[in-house]
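In what follows, a structure is listed as structure tokens, so that the remarks can point back to it.
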Protein chains: 2
Amino acid sequence: MTTTDGQLQEPAFRLPLTRQRVLVAAVRIADEEGLKALTMRRVASDLDVEAMSLYHHVDNKEALLDGICEVLVEEIIAEVGDADPPSDPDAWQAAMRDMIMTARRVMLAHPWAPSVFETRKSIGFSIIRYFERLLAVMRAGGFSYDLAHHAMHALGSRAIGFSGELFQPDDGQTDDESMAMLEGMRDQIPHMVTMLSGALHTDEAGQTIGFCDDQTEFEFGVDLLLDGLDRRRREQPDT
Amino acid sequence: MTTTDGQLQEPAFRLPLTRQRVLVAAVRIADEEGLKALTMRRVASDLDVEAMSLYHHVDNKEALLDGICEVLVEEIIAEVGDADPPSDPDAWQAAMRDMIMTARRVMLAHPWAPSVFETRKSIGFSIIRYFERLLAVMRAGGFSYDLAHHAMHALGSRAIGFSGELFQPDDGQTDDESMAMLEGMRDQIPHMVTMLSGALHTDEAGQTIGFCDDQTEFEFGVDLLLDGLDRRRREQPDT
DNA sequence: ACCTGAACACCGTTCAAGT
DNA sequence: ACCTGAACACCGTTCAAGT
């Protein structure tokens with residue numbers, strides 16, 4: 001496929017653009033280059049196409065962001081599988097925990113996910129299907145619809161595997177630098193400084209490895225919620 | 001202060017620009033016109049100044065957003081007051097609940113707050129001071145520093161009054177329209193449709209008034225967490 | 001030191017035109 | 001129906017110049 005002078009030719013038939021190809025390209029760019037790199041122009045150039053061509057397959061940029069969330073939730077659903085909920089009513093908690101931790105595993109592979117999900121205005125159909133499965137597990141555990149509804153709100157973003165915490169890890173300065181700065185404020189925030197100096201983990205070589213273990217804290221929060229829900233489940237009037 | 005031809009003159013001395021004036025203007029614009037209206041140019045014109053002048057008082061737009069979060073947290077701290085934590089160890093839960101609900105009341109007056117807080121990379125000093133007070137309450141309740149640390153992660157954004165839920169209320173379509181759409185998918189998501197049709201509240205006149213009561217769900221989630229924390233507090237080994 | 005005007009390097013998106 | 005090129009209406013920010 002070269003001309004006589006050795007120049008590469010364009011292929012005669014190009015793969016037609018589809019919504020799915022657009023979304024897959026967008027996910028790849030967000031994964032590899034970060035959310036800031038995800039522009040309409042960047043997605044287009046990745047597909048060897050002009051930016052304006054994307055608008056035939058996606059309404060606008062918001063719709064593109066909705067779309068990549070759908071792709072990610074489909075990935076979660078595939079990982080979770082479609083086994084029936086456990087028949088033992090007391091097995092609901094472990095089953096739900098497994099689903100959430102699976103979702104988290106997928107989410108962690110897509111660092112852009114939390115901030116994009118948090119800005120979605122409407123809920124896509126794939127996430128409704130994911131929640132349907134959570135709901136099926138709770139119903140098999142004897143939850144009333146009302147309690148299950150509360151449960152979903154209480155779990156919030158944790159239900160799909162991210163934490164809803166306030167701040168991302170700040171990789172601007174080292175933990176030692178942070179700690180030194182905090183020490184200087186001990187008179188103003190004594191409890192805070194004491195707590196954090198105790199929480200600063202060190203490895204065998206004495207190197208500091210961070211204040212918080214994200215996975216541990218995530219599991220602590222999920223278990224706190226699931227334990228509380230289990231207690232309320234058992235307090236329900238029999239129906 | 002008019003010329004002979006009746007034209008208004010500029011005042012001879014203008015109020016000097018300060019960081020505080022910039023931030024207060026930014027908060028007002030975000031409150032009244034929404035986050036999308038909050039541009040450097042808009043803030044500048046509100047202060048009768050060129051956009052570039054802002055950069056003498058604020059590093060860049062991110063710093064401006066950091067700044068308006070600080071302003072808001074200062075407002076929360078002022079509302080919360082600085083009373084000592086209760087001396088009765090069992091009073092921690094009510095005290096903490098009050099702080100959180102106060103924070104929420106302030107937050108609800110600033111609709112931009114959740115999305116701006118969620119995008120902050122680093123934690124400002126005012127929010128550290130707020131957490132210091134939460135921590136003081138927990139310590140007075142007998143929490144170990146370790147448990148208090150877990151508690152803060154578990155509460156996450158709820159600690160300062162917003163929910164960390166996945167989706168904002170969708171005011172695009174009416175609840176009746178949503179319900180009709182859902183009914184059409186009953187074969188695919190049976191539990192979901194049953195749950196939501198039961199959750200659709202109606203007022204005395206039979207008008208639908210929404211699926212979810214945000215305040216109720218927020219309190220349910222906070223209480224679930226606080227109850228769970230209280231149980232873990234009592235399970236702590238005596239030290 | 002503080003403020004300005006013009007310009008730069010981007011965005012998402014519209015539009016009229018091509019095939 | 002699908003894709004294109006140029007243009008529009010914005011952004012945040014840099015820079016050299018004013019006072």
Side-chain angles (χ1 to χ4, degrees), chain A residues 9-30 32-70 112 115-116 118-122 172, chain B residues 9-30 32-70 112 115-116 118-122 172:
Chain A
Q9 290 284 88
E10 290 209 334
F13 302 101
R14 357 195 339 192
L15 212 53
L17 214 51
T18 61
R19 178 180 164 83
Q20 192 62 20
R21 282 189 69 217
V22 171
L23 297 181
V24 168
V27 168
R28 202 194 54 69
I29 291 166
E32 295 176 11
E33 302 171 30
L35 205 52
K36 281 186 65 177
L38 185 63
T39 67
M40 297 301 270
R41 284 170 168 86
R42 180 70 192 81
V43 174
S45 85
D46 199 67
L47 294 164
D48 272 316
V49 116
E50 294 295 316
M52 308 315 123
S53 306
L54 303 178
Y55 286 85
H56 290 281
H57 301 95
V58 148
D59 275 352
N60 49 38
K61 177 137 188 211
E62 283 300 297
L64 181 100
L65 295 176
D66 289 345
I68 62 175
C69 288
E70 290 276 300
W112 49 268
S115 46
V116 178
E118 272 157 4
T119 56
R120 294 313 83 207
K121 291 226 198 74
S122 61
Chain B
Q9 288 285 87
E10 290 210 334
F13 302 101
R14 1 203 324 202
L15 211 51
L17 214 52
T18 61
R19 178 180 163 84
Q20 192 62 19
R21 281 189 69 216
V22 171
L23 297 181
V24 168
V27 168
R28 203 195 54 68
I29 290 165
E32 295 176 9
E33 302 170 31
L35 206 51
K36 281 186 65 176
L38 185 64
T39 68
M40 298 300 271
R41 284 170 168 86
R42 179 72 191 81
V43 175
S45 85
D46 199 68
L47 294 165
D48 272 315
V49 116
E50 295 295 316
M52 309 316 123
S53 305
L54 303 178
Y55 286 83
H56 290 280
H57 302 95
V58 147
D59 276 351
N60 49 38
K61 177 138 188 211
E62 282 300 297
L64 182 101
L65 295 177
D66 289 344
I68 62 175
C69 288
E70 291 276 301
W112 48 268
S115 46
V116 179
E118 273 158 3
T119 56
R120 293 313 84 206
K121 291 226 198 75
S122 62

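Lettering follows sequence order; numbering is per chain, from 1.
One atom, CD of A/Glu50, and another, C1' of C/dC15, lie 15 Å apart when rounded to the nearest Å. Rounded to whole Å, atom P of C/dC11 lies 17 Å from atom CG of A/Asn60. Distance, B/Met52 CE to D/dT14 C1': 9 Å, rounded to whole Å. For the pair A/Glu62 CD and C/dC11 P, the computed distance is 17 Å after rounding to whole Å. B/Asp59 has its CG atom 10 Å from the P atom of D/dT14, to the nearest Å. Put simply, CG on B/Leu64 is 14 Å from C1' on D/dC11, counting in whole angstrom units. One interatomic measurement links the two molecules: CG of A/Leu54 to C1' of D/dT4, which rounds to 12 Å at whole-angstrom precision. Straight-line distance from the CZ atom of B/Arg41 to the C1' atom of C/dG5: 12 Å, rounded to whole Å.
When the nearest nucleotides of DNA chain D are assigned to A/His57 and B/Met40 by heavy-atom distance, the more 5′-ward of the two goes with A/His57.
With both pairing distances under 3.5 Å, C/dC2 is matched to D/dG18 as a Watson-Crick or G-U wobble pair. Under the Watson-Crick or G-U wobble criterion, with both distances below 3.5 Å, D/dT13 is paired with C/dA7.
For A/Leu38 against A/Lys61, the heavy-atom pair with the smallest separation is O-NZ, 2.8 Å.
Put simply, the side chain of B/His57 gets close to the backbone of B/Leu17: a donor and an acceptor are under 3.5 Å apart.
A salt bridge links B/Glu33 to B/Arg42: one of the charged nitrogens lies within less than 4.0 Å of a carboxylate oxygen.
Taken to the nearest 0.5 Å, the CD1 atom of A/Ile68 stands 8.0 Å off from the CZ atom of A/Arg120.
In this structure, B/Tyr55 does not reach the D/dT14 phosphate: none of its side-chain N or O atoms is under 4.0 Å from OP1 or OP2. At D/dC2, none of the side-chain N or O atoms of A/Ser53 fall inside 4.0 Å of OP1 or OP2 (strictly under the cut-off).
Heavy-atom neighbours of B/Arg19 CZ from other residues, nucleotides or ligands within 6.0 Å: at or below the threshold of 12.
Here the side chain of A/Thr39 is nearest to one of D/dC2, C/dT4, C/dG12, namely C/dG12.
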